[in-house]
Amino acid sequence: MEFNVNQNLDQEIQQMKNFYNNGLDLVVDRLGKEPYTHVQNSDLNVETIETDILQVFNDISIL
Amino acid sequence: MKDVENENYSLSMQKLFSSKNSPSSRTSLPNLNGEPIFNVKQMDVASPFIHDLLEVDNPYTARNISISLEKEILNSSLNYEEKISLLSLSSGTHVVPDFIINDGINKIEDKIYTGQNPDFQITGCSINMRSVMADAVVGFAGGALAGCYAGATAGTVAFPIVGTVTGCVSAGMVGGAGGFLTGATYSIASGLLLTCFR
């Protein structure tokens with residue numbers, strides 16, 4: 001996504017909302033993946049939730 | 001990473017969670033004011049709305065607040081870049097309540113329950129909207145700090161979906177958006193886990 005100063009603000013807002021919507025799909029999709037599944041059988045497990053969060057943030061890489 | 005940079009980053013995070021143990025701290029704002037997230041002028045515009053946002057009890061009100069914040073930003077005397085970075089926050093506060101209104105809770109519930117646990121209950125499952133928005137805003141602050149830190153020190157940062165962005169402001173915005181989403185989503189998930197399984 002380019003934050004282009006030549007675009008008008010309405011376009012920027014729409015672009016951001018699209019980003020948020022796509023991001024939501026990604027994050028929600030991650031909820032169904034391992035290692036989250038065994039949370040269902042073992043009550044609330046903070047450790048596995050943290051692992052899942054880390055998985056999302058691991059996708060943020062520094063070039 | 002250098003020790004000095006780590007120290008600076010740690011200090012910033014400490015500021016973020018620097019609420020005091022006093023009755024008034026219950027309603028204090030997450031620390032978004034101060035570089036590199038938002039400057040004083042930006043916070044002057046955003047503070048009343050963030051304050052209201054942290055008091056909401058339903059997604060419709062949260063969405064209305066985001067619309068008001070967006071108008072306020074567009075009509076403000078802030079420069080283009082200042083508006084853009086604040087609009088990143090207002091966009092999140094619009095999209096997340098929209099998601100909740102449009103069956104988002106059930107989507108998350110479906111993801112965390114596959115039908116294997118006999119103790120799972122459907123009725124009585126609930127989320128705390130105030131917690132969701134607070135977690136989202138704190139997530140935004142943390143993500144913006146982390147993104148800005150990466151952008152300022154590494155130059156170019158790669159994010160899922162977006163691709164690469166350059167510099168503190170852009171990386172901070174995208175990082176903030178990611179933090180907002182994960183904060184809100186995990187708050188909803190933990191709310192459901194606590195109420196559906198207990």
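Here is the naming used below: chain letters follow the sequence lines, and residue numbers restart at 1 for every chain. Every heavy atom of this structure was used, including side-chain atoms; hydrogens, water molecules and symmetry mates were not.
In terms of heavy-atom pairs under 4.5 Å with chain A, the best-connected choice from Ile108(B), Ile73(B), Val96(B) is Ile108(B).
Taken from CD in Gln15(A) to CD1 in Ile84(B), the straight-line distance is 9.0 Å, to the nearest 0.5 Å. The CG atom of Leu74(B) lies 4.5 Å from the CD1 atom of Ile13(A); values are rounded to the nearest 0.5 Å. Glu12(A) CD to Leu87(B) CG: the interatomic distance, rounded to the nearest 0.5 Å, is 8.5 Å. Atom CG of residue Asp10(A) and atom CD of residue Glu70(B) lie 8.0 Å apart, to the nearest 0.5 angstrom.
The cluster map of Ile, Leu, Val, Met, Phe, Trp and Tyr, joined by side-chain heavy atoms under 4.5 Å apart, puts Leu78(B) and Tyr80(B) in the same cluster.
Closest non-hydrogen pair, Leu9(A) versus Lys83(B), comes out as CD1-CD, 3.8 Å.
Remark: side-chain polar atoms of Tyr20(A) are paired, donor with acceptor, to backbone N or O of Ser88(B) under 3.5 angstrom.
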